[in-house]
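Have a look at the structure below before the remarks.
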Amino acid sequence: MKLSYCKYKLTAFRFPTTIVTFVPAPASVPSPAPSSTPDNVTYLYGKPRDSDALLAAHLRDILARRQLTALFQPIIQMHSGEIVGYEGLIRGPSDSPLHAPLTLFRVARENSMMRDVELLCRRVVLERFAELALPGKLFLNVSPECLLPAQNGAQGETLDLIRDIGIAPERVIIELTENQPTYDYGQMRDAVLHYRALGFGIAIDDLGEGFSSLRLWSELRPEYVKIDMHFIQGINNDPVKLQFVRSIQEIAEKSNTLVIAEGIEKQAELLVLRDLGIAFAQGYHLGRPNAAPARALPAEVAKALSRNGVAVYPQRTVEKHAVSILKLLHRVAAVPPSMTNNEVYDIFLSDPKLLIIPVVDHGVPLGLISRFDMIDHFARPYQRELYGKKSCRQFMDAKPLIADKDTSLQDLSYRMVESDAHHLFNGFIITEGGRYLGMGTGHDLMREITQMQIHAARYANPLTQLPGNVPINEHIDRLLASGTRFWVCYCDLDHFKPFNDVYGYRRGDDVIGLTGHILTQHSDPDRDFVGHIGGDDFMLLFQSEDWEARCRAILAEFESKVTDFYSAEDCERGGYFSEDRQGRKVFYSLMSLSLGVIKVEPRQYYSHHQIAASAAEAKKQAKKVHGNSLFLDRRLEPQR
């Protein structure tokens, strides 16, 4: 029956002697006073009164009445787009607080009814699967604790059940769902061997999310692993998730395990996973859980999977603050301020390679003593006699460069550049919580910064944040391996160097940033790849069939916006004067953009080196045309 209470919808469940009324509780509504509440009514808001017992009683009633419903979500094979099986899911009564499976199983576990609930779930799912005559395999959720031998012989009951229903064990995959830690791996391994011997397959659910799923994978060697949806959703924009899934796929290939990607909600995610070689997929984009599920993929999904080409992988960005100075730490023995100059001098004499000695008082750094400063002082007349027995503070640099171990290399390099020149030679003190850890040298800092910049430029241009040469070449190689048709567009700015000479490098950087933005805006992020080779050179790798319209839109927008970077006078006369290499005044037209394009057919090229050479030649031809230009090199197209 339905009751109403103010504006809230109330649902009542009848038990033999109790009416349970569930009321959504605003924070401002207090629990009803005992005097105003009938003895046979318990409200479940505020602080529940006997709510746990009532939920347990409700669960027993659900079990007695078999009030569970089976839903099925399709699992597809990436290569063919075919539905190869379904995961069986369970729901409680729709008007019940135990409708959601998480709540249902939590109450079952808290009241020691997990085996009874799981047995009913298996029965309901298996019977409905057979009734619908669904094709392929059935993925049946089982918790590890219920997989182990039961006192009541539940293992035999499940096998008898599927035989009575008429489902072969080979069509059933036991999907281990982990809601609590698994400690007895030996028993788990024995149970898996038992079920496998009967013909069942084994899958591990939510890899990467559970307490010990990687250990379970190693111990049980399942036929399938399901990657948790956290690592799947947004994988097309997250290089860390991409690397995680790629690593799981590599492990799976070596262990003869098939990977199922769960939680796919977008086409871009699906295509990235397909290109990574993931065997199977599941998610709302492919089909939602349903009591009568579809037997084929949605047409648009099947079309996307069958289409040639490759997905555009997410690219790493230049992380300027990712690496800390702890990487540069050298353990250098410190001296106390009570040590004399003579004693410090003897330390330098005993170790010819020692250049700097830190002075530390009870863990707190005070300064640095330079070998050359010490020798210089003692080389002067009477200096050793006057200061040899005095505190080493006498010749100490009392204002050293000090940085915490978590300081980034980039931040420290800025401080080093802004500080006095001697800090580059003396180095810097590294601390933790203000206490001395060790030393770092200016040489090591500069070397590391240089290596970071070189490495970053190869993968992502620091000015535009667009992928650099390595990702460009990797994407070309993936396109070639896929056997798809694509177009390579080499982009170059005309008259960029003289513009820099007249307007300055900062304005030139702004133009390069604008160019990268325009190229990105007119490309399909799921199909087209935009890379920054360096300087004013860019490369577009088009899979979009309308590549030519996109190129013309790029040229039009560049032409309309580049004038913003010139003076009104130069815009009016259509150019500006600048000196050439011989020092002569030369008139240059306003900057323009040249696009040289080649069409790449399957098996026409075999490496990114060949493509780069052909695209560079097309770019040269485009630059011969005055103004903004698009040139398609048809000389290398196959003759038909």
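Quick note: numbers below take in every heavy atom, side chains included, and nothing from hydrogens, waters or symmetry partners.
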Determine, for R552 against E548, whether the closest basic-nitrogen to carboxylate-oxygen distance falls under 4.0 angstrom. yes

Would K137 and V84 count as a side-chain contact (heavy atoms from CB on, under 4.5 Å) if you check the C-alpha gap in whole Å, the side-chain angles of each, and the deciding distance to 0.1 Å? CA-CA 6 Å; K137 297 182 182 294; V84 295; over 6 Å; no

Show your reasoning for whether side-chain hydrogen bond (donor to acceptor under 3.5 Å, both in side chains) applies to S80 and Q77. CA-CA 6 Å; S80 65; Q77 185 180 59; 2.7 Å; yes

Partner of F558 under side chain to side chain contact (heavy atoms under 4.5 Å, CB included), chosen from L595, I518, L519: I518

May I ask you to decide if Y224's main-chain N or O and T257's side chain share a donor-acceptor pair within less than 3.5 Å? no

Taking the side chain as everything from C-beta on, heavy atoms only, tell me whether L480 gets closer than 4.5 Å to Y605. yes

D633 side chain vs I598 backbone, donor-acceptor pair below 3.5 Å: no

N473 side chain vs N469 backbone, donor-acceptor pair below 3.5 Å: yes

Taking E87 for the side chain and F139 for the main chain, is one N or O donor matched with an acceptor at less than 3.5 Å? no

Salt-bridged, D510 to R507, with N to O below 4.0 Å? no

Please report the C-alpha distance between I278 and Q249 in whole Å, then the side-chain angles of each, then the deciding distance to 0.1 Å, and finally whether the side-chain contact (heavy atoms from CB on, under 4.5 Å) criterion is met. CA-CA 7 Å; I278 302 300; Q249 176 62 17; 3.4 Å; yes

Give me the atom names and distance for the closest heavy-atom approach of D501 to S578. CB-OG, 4.1 Å

Is the CZ atom of R295 crowded by more than 12 outside heavy atoms at less than 6.0 Å? yes

N290-Y86 side chain donor-acceptor pair, cut-off 3.5 Å: no

Could you tell me whether the side chain of D420 and the main chain of H422 form a donor-acceptor pair under 3.5 Å? no

So do the side chains of V272 and L242 get within less than 4.5 Å of each other, counting heavy atoms only? yes

Correct closest heavy-atom pair for A615 and Y490 would be O-CB, 3.7 Å

With distance as the sole test, does S324 use its side chain to make a donor-acceptor pair with the main-chain N or O of K405 at under 3.5 Å? yes

Closer than 4.0 angstrom, basic N to acidic O: yes or no for D411 and R415? no

Would you mind reporting whether K266 and L270 have side-chain heavy atoms less than 4.5 Å apart? no

Look up atom CD1 in I554 and atom OG in S523, then write down how far apart they are to the nearest 0.5 Å. 5.5 Å

Is the closest side-chain heavy-atom distance between Y576 and P498 below 4.5 Å? yes

K226 with D206: basic N within carboxylate O range, under 4.0 Å: no

Among side-chain atoms of Q610 and S614, is any donor-acceptor pair under 3.5 angstrom? no

Residues D444 and T441: side-chain donor-acceptor under 3.5 angstrom: yes

OG1 on T520 to NE2 on H517, rounded to 0.5 Å: 8.0 Å

Do D546 and R550 sit within salt-bridge range, that is, some charged N less than 4.0 Å from a carboxylate O? yes

To the nearest 0.5 Å, tell me how far L437 CG sits from H330 NE2. 13.5 Å

Which atom pair, heavy atoms only, marks the closest approach of G483 to P602? O-CG, 3.2 Å

Considering all heavy atoms, the nearest S594-D494 contact: OG-OD2, 2.8 Å

Salt bridge (Lys or Arg N to Asp or Glu O under 4.0 Å), paired with D492, selected from K620, K619, K624: K619

Applying side-chain hydrogen bond (donor to acceptor under 3.5 Å, both in side chains) to D570 and Y503, what does each step give before you reach the verdict? CA-CA 11 Å; D570 287 344; Y503 284 93; 2.4 Å; yes

Spacing of T407 atom OG1 and L328 atom CG [to the nearest 0.5 Å]: 11.0 Å

Would you say the side chain of F428 lies within less than 4.5 Å of the side chain of M416, judging by non-hydrogen atoms? yes

All heavy atoms of H475 vs all of A311, minimum pair found to be CE1-O, 3.7 Å

Any donor-acceptor pair under 3.5 Å linking the side-chain atoms of Q233 with those of E265? yes

Could you walk me through whether I260 and V225 pass the side-chain contact (heavy atoms from CB on, under 4.5 Å) check? CA-CA 6 Å; I260 302 172; V225 293; over 6 Å; no

Residues forming a ring-ring contact (aromatic ring centres under 6.0 Å, His included) with Y588, sequence neighbours excluded: H495

When the ring planes of F499 and Y566 are compared, do they come out parallel, tilted or perpendicular, using 30° and 60° as the limits? perpendicular

So CZ of R274 and CD1 of I76: to nearest 0.5 Å the spacing works out to 10.5 Å

Are the side chains of I227 and V259 in touch, meaning some heavy atoms are under 4.5 Å apart? yes

Polar side-chain atom of H532 near backbone of G535 as donor-acceptor pair, under 3.5 Å: yes

Between L593 and F538, is there a side-chain heavy-atom distance shorter than 4.5 Å? no

Taking Q73 for its side chain and G287 for its backbone only, find out whether a donor-acceptor pair lies under 3.5 Å. yes

Do S544 and D528 have a side chain donor and acceptor closer than 3.5 Å? yes

Derivation of the side-chain contact (heavy atoms from CB on, under 4.5 Å) call for L176 and D205: CA-CA 6 Å; L176 296 176; D205 192 21; over 6 Å; no

Any donor-acceptor pair under 3.5 Å linking the side chain of Q621 with the backbone of F631? no

Nearest-0.5 Å distance that lies between atom CD1 in I235 and atom OH in Y313: 8.5 Å

Any salt bridge linking R573 with E569? Criterion: basic side-chain nitrogen under 4.0 Å from a carboxylate oxygen. yes

For G309 and Q543 the tightest heavy-atom approach is CA-OE1, 3.0 Å

Could K561 and E557 be called an ion pair, given the rule that one side-chain N must be under 4.0 Å from one carboxylate O? yes

Could you check if a side-chain atom of L89 sits within less than 4.5 angstrom of a side-chain atom of N141, using non-hydrogen atoms only? yes

Should E601 and R603 be marked as a salt bridge (charged side-chain N to carboxylate O under 4.0 Å, His left out) after you check the CA-CA gap, both sets of side-chain angles, and the distance that decides it? CA-CA 6 Å; E601 295 285 0; R603 295 174 296 281; over 6 Å; no

Does NZ belonging to K497 count more than 12 external heavy atoms closer than 6.0 Å? no

Yes or no on side-chain hydrogen bond (donor to acceptor under 3.5 Å, both in side chains) for T484 and S482, after CA distance, side-chain angles and deciding distance? CA-CA 5 Å; T484 189; S482 73; 4.8 Å; no

